[in-house]
Amino acid sequence: MLPELAARLRAALGVQHKREIQSAARHIPALCAGPWGATPVRVGDDTAAIPDGEGFLLLAAEGMWPELVMNEPRFAGYCAVMVNVSDIYAMGGRPLAIVDALFSTSAEAAEPLWAGMTDAAAVFGVPVVGGHTNLHSPYPALAAAVLGRARRLLTSFDARPGDDLIAAVDLRGRMHGGHAFWDAATGAPAERLRADLSVLPELAEAGLAAAAKDISMGGLVGTTLMLLEGSDVGATLNLDALPRPTGIPWATWLLAFPSYGFVLSVAPARSQQVLSRFIARGISAAVVGRIDDSRRLTLESENESDGEGHRPQALLWDLAQAPLTGFGKRRHAP
């Protein structure tokens, strides 16, 4: 089972699409200097972290999937805010404001996009403060950018061999239509959603974690690979330990995009404290693997045991042989 599952995950579009980021990596330096001072910004994380006083300004943008904008415009508008907000929290920050770039064929056709964005802005407490609007486009399109601030960062570049790999996912949801999207946000209480997300900056500020990413397109496996690439490390992922809803196959769940889902690299001595922060909020969280220096992502499962105490494993990806995004710690070296 494991080799077949690994092969299926490796070939999945959500994972392979991450390789398209290499086109950006060919044009953007991994370390960017700017007018903010001597400290460069490392590129390839969930947001750009720009030094600002005693903390960081966080800046990110997301473009919405064209099929979603076309067929479910209100949900696309909601997601435009939600995914940007998640990127800020994944960095240990708190969001400040959103701007959008909206293209539509008419004012009437744009209304559901606006309804979704304004709904999400109210729920997450992040106002839409400007952007760009074109109501004479031959097609609908939507992108949004977010500004946030962090006192202390969670990054993709600070996972260390020996760390525990932790997954935290809100399982109080459902799959959205025919999409690989686990929706635990729409319909949930706004105050609860904001408090759940605040766990991430609280962990950063308490010094309990230094590396994290929010689970996005490509699911848990694609996001974990990006974290490993950014930190120039590897990991073994224990499927049996993963939080998972009942009745959803592994191949679906490992590629699913949850509205609330994060992977973190945490020193083992701090893991129980980190887990307890999530569990206290009703978030399912567990140690699901161990970071190593292999630069490989390997799957394992006790349920596949051969009866002689051997835990079968299957290689999912070897970053030394095939980079994923092209961004990572190795590009940051002088």
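Note that the coordinates shown come from a computational prediction; the quantities given were computed from them, not determined experimentally.
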Quiz item: Can D158 and T155 be counted as having a side-chain donor-acceptor contact under 3.5 angstrom?
Solution: yes
Self-check item: Side chain S276, main chain Q273, donor-acceptor under 3.5 Å
Solution: yes
Exercise. Taking only Lys NZ, Arg NE, NH1 and NH2, and the carboxylate oxygens of Asp or Glu, determine whether E205 and R151 approach each other closer than 4.0 Å.
Key: yes
Quiz prompt | Gap separating the CD atom of E62 from the CE atom of M82, nearest 0.5 angstrom | solution = 10.0 Å
Quiz item: Just checking, any donor-acceptor pair under 3.5 angstrom between side chains of K213 and S265?
Solution: no
Practice problem: Decide, yes or no, whether a salt bridge links D318 with R295 under the criterion of side-chain N to carboxylate O below 4.0 Å. | Solution: no
Quiz item: Have T325 and E229 got a donor and an acceptor in their side chains that come within less than 3.5 Å?
Solution: yes
Quiz item: Which pairs, with at least one residue in residues 241-270 and sequence neighbours excluded, count as a ring pair (Phe, Tyr, Trp, His ring centres under 6.0 Å)?
Solution: F181-F257, W182-W253, Y260-F262
Exercise. May I ask you to check whether over 12 heavy atoms, not counting those of R94, lie within 6.0 Å of atom CZ?
Key: yes
Quiz item: At their closest point, which heavy atom of P127 faces which heavy atom of L96, and how far apart are they?
Solution: CD-O, 3.5 Å
Practice problem: Determine which pairs satisfy ring pair (Phe, Tyr, Trp, His ring centres under 6.0 Å) with at least one residue from residues 273-295, sequence neighbours left out, and list them in order. | Solution: none
Quiz item: Do R281 and R192 touch side chain to side chain, with heavy atoms closer than 4.5 Å?
Solution: yes
Exercise. Kindly say whether L239 contributes a backbone atom to a donor-acceptor pair with the side chain of E300 at under 3.5 angstrom?
Key: no
Quiz item: Between S216 and D214, is any side-chain donor less than 3.5 angstrom from a side-chain acceptor?
Solution: no
Quiz prompt | Nearest non-hydrogen partners of A188 and A184, listed with the distance | solution = CB-O, 3.8 Å
Quiz item: With distance as the sole test, does W317 use its side chain to make a donor-acceptor pair with the main-chain N or O of A322 at under 3.5 Å?
Solution: yes
Exercise. Heavy atoms only: give me the nearest A90-A212 pair and the separation to one decimal.
Key: O-CB, 3.8 Å
Quiz item: S259 and D183: side-chain donor and acceptor closer than 3.5 Å?
Solution: no
Quiz item: Without hydrogens or angle criteria, can the side chains of T47 and D87 be said to hold a donor-acceptor pair below 3.5 Å?
Solution: no
Self-check item: Closest contact, heavy atoms only, A251 versus L255
Solution: O-CD1, 3.4 Å
Quiz item: So, D293 and R160, do they make that salt bridge, N to O below 4.0 Å?
Solution: no
Exercise. Each residue besides V129 in its hydrophobic cluster should be listed here, by chain and number; the cluster joins Ile, Leu, Val, Met, Phe, Trp and Tyr at side-chain heavy-atom distances under 4.5 Å.
Key: V99
Exercise. To the nearest 0.5 angstrom, please state how far the CD atom of E191 sits from the CG atom of D196.
Key: 11.5 Å
Quiz prompt | Same apolar cluster: V169 and L200, side chain cutoff 4.5 Å | solution = no
Quiz item: Do other residues, nucleotides or ligands put more than 12 heavy atoms under 6.0 Å from the CZ atom of R8?
Solution: no
Quiz prompt | Expected output: side-chain R244 to main-chain I248 donor-acceptor under 3.5 Å | solution = yes
Quiz item: Do H136 and F103 have ring centres separated by under 6.0 Å?
Solution: no
Exercise. Using a 4.5 Å cut-off on heavy atoms from C-beta on, say whether the side chain of R290 contacts that of D163.
Key: no
Self-check item: L315 backbone acceptor or donor facing R10 side chain under 3.5 Å
Solution: yes
Quiz prompt | Separation of L154 CG from L208 CG (nearest 0.5 Å) | solution = 10.0 Å
Exercise. Heavy atoms only: give me the nearest G93-A150 pair and the separation to one decimal.
Key: CA-CB, 3.7 Å
